[in-house]
Amino acid sequence: MFCFQCEQTSRSQACTGCAGVCGKSATVANLQDKLTGALIGLAQSAKNTGLPRKETCKIILEGLFTTVTNVNFNDETVKEMIDKVLEERKSIVPHCSKCDKTFGEYDDYDLNRLWSTDEDIRSLKSLILFGIRGMAAYAYHAMILGYSDDEVDEFLVRALDVIGNEDLKMDDLLPIVLEVGKVNLKCMELLDKANTETFGNPTPTEVSLEVEKGPFIVITGHDLYDLKLLLEQTEGKGINIYTHGEMLPAHGYPELKKYSHLKGNFGTAWQNQQKEFDNIPAPILFTTNCLMPPKESYKDRVFTTEVVSFPELTHIGEEKDFTPVIEKALELGGYTENKEFTGINGGKSVTTGFGHNTVLSIADKVVDAVKSGHISHFFLVGGCDGARPGRNYYTEFVEKAPKDSVILTLACGKYRFNDLNLGDIDGIPRLLDVGQCNDAYGAIKIALALADAFNCGVNELPLSMILSWYEQKAVCILLTLLYLGIKNIKLGPTLPAFLSENVLNYLVENYNISPTGSVEDDLKASLN
Ligand code: FSO
Ligand code: SF4
């Protein structure tokens, strides 16, 4: 196997051998490469036959999402996905095996060709491939809610085709890398529209970390629609629902918070799940990444749905009948007394729901606070959490940020500091949770509106971006920020292994992107 798509990759180089750091076996890794090769083939056929049809796009989204870190650990379901891709290709070009063209050029495109090619080409194509894997996850969530965008679909086809095209040079690939960022902005906008039109605009909401007595279910991942269905199916059954990880921002959405049995949030970010899920008297439902191989002690309580898959776990299929999860919750019964939990820093609650709609509704107040000197700086401290040591940098950064600064945050990295009480400035909370990682769209909207209010560019704002990355959704978001011309981003805790020296130099020269250093130095540099 060869895989270097996430931040925790072995020795900061690549996972090779018989399993990855994430627990993905070599068999699954190789099958995922095969799946990617088949998707490249499908994209080639779709491109040659004109506009991709809806079914092809759906399969491409599903196939790409399957290869995102911590989503699928199951060789059987990856094989099924490969078959689906090959079937679709056959139905698009039924007679192609009979013609004398070199059809098959991309069929079973061997990803090893990519992994062993010139390192700059490999680096740029990896940025494209990993970027579209992340983007596909967002497009998939939007699709579930009935939203799609032709530009996004067509780009995914084109980008896959590019990965299989061995004639392209660095100069050809660089603009496509930035195009991933451009189209991902569109894609996040689409998901934002899908989420807000379906569930309403999030409003600031305090979320308890206490678990009440009685049966309960923990739901994690990013899929708000799964949560909605689970809330409907558990209503009136005496079962409480707790969010986990990236599901926390769900509490801010009117159409979800209206359910009184959506009680609070359990646990912290994904990398703590093996410890946090070990002893709870409740089932856990995974709707997307980030699944870690469950320990024997709680394996029978973990359920998956959508593209998430792990051998032997009960999977809730397309019919979305959550009965097995509900029965497990009733069987386990939950705690006999209310149980108090705290966040990492001892806080008993966290606040979420500061989507762009809410923040922009108080834009005047924010602008006044800046003009009067009460707010000196904004920091976007956001992105993924992870297991690698060094991530307490982000907690320390937030703690040491000047008291007259405002911290915007999003994604699961916020669990390092979201239970801290940072107070407020002129009634504006100093810590604003914009939402999930895809709500980077909201943070961008806020930044652009501020730039507008101050009549300057985003790079001229008193705003610094201190980002943490882990998997491929972070890659497409980073590319979006670069596409928007945002400079001076600090990225940590380590830089992607798939950035070659030349590609990294290009990013440094053009965007002044740099790895996170010491909190003191980075704060000083941000405030200069
Ligand atoms: Fe985190 Fe996982 Fe949202 Fe990622 S839960 S690490 S960037 O999947 O997607 O922030
Ligand atoms: Fe390694 Fe990350 Fe790939 Fe898993 S997803 S095999 S940890 S690089």
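Remember, it's 1-based here, ligands and their atoms both numbered in the order they're listed.
Inspection of the environment of atom 2 (Fe) of ligand 1 yields the following protein N, O or S atoms under 2.8 Å: Cys290 SG.
Per-residue contacts place Cys3 under 4.0 angstrom from the following atoms of ligand 2 (heavy atoms of the residue considered): 3 (Fe), 5 (S), 6 (S), 8 (S). If you number the atoms of ligand 2 from 1 as listed, the ones under 4.0 Å from a heavy atom of Phe4 come out as 8 (S). Heavy-atom proximity to Gly20, at under 4.0 Å, picks out these atoms of ligand 2: 6 (S). Distances below 4.0 Å separate heavy atoms of Cys6 from the following atoms of ligand 2: 2 (Fe), 5 (S), 7 (S), 8 (S). The Cys15 neighbourhood of ligand 2 comprises atoms 1 (Fe), 6 (S), 7 (S), 8 (S), with distances under 4.0 Å to a heavy atom of that residue. Within the listing of ligand 2, atoms 7 (S) sit less than 4.0 angstrom from a heavy atom of Gln8.
When heavy-atom distances to ligand 1 are checked against a 4.0 Å cut-off, His222 comes that close only through its side chain, counted from C-beta outward. At a heavy-atom cutoff of 4.0 Å, ligand 2 is contacted by no atom of Glu471, backbone or side chain.
Residue Phe378 holds its CZ atom at 8.5 Å from CG of Leu432, rounded to the nearest 0.5 Å.
For the 3.5 Å distance criterion, the side chains of Ser468 and Arg416 fail to qualify, holding no donor opposite an acceptor. For the residue pair Thr342/Lys348, the side-chain donor-acceptor check at 3.5 Å is not satisfied. In this structure, a donor-acceptor pair under 3.5 Å is present between the side chains of Tyr109 and Glu166. With hydrogens and angles left out, the side-chain atoms of Asp226 and Thr305 include no donor and acceptor closer than 3.5 Å.
Counting heavy-atom neighbours within 6.0 Å of Lys257 NZ, excluding the residue itself, gives a total above 12.
The aromatic rings of Phe341 and Phe266 sit perpendicular to each other, their planes meeting at more than 60°, with 30° as the lower class boundary.
Using modelled atom types, no side-chain atom of Arg430 and backbone atom of Asn421 make a donor-acceptor pair closer than 3.5 Å.
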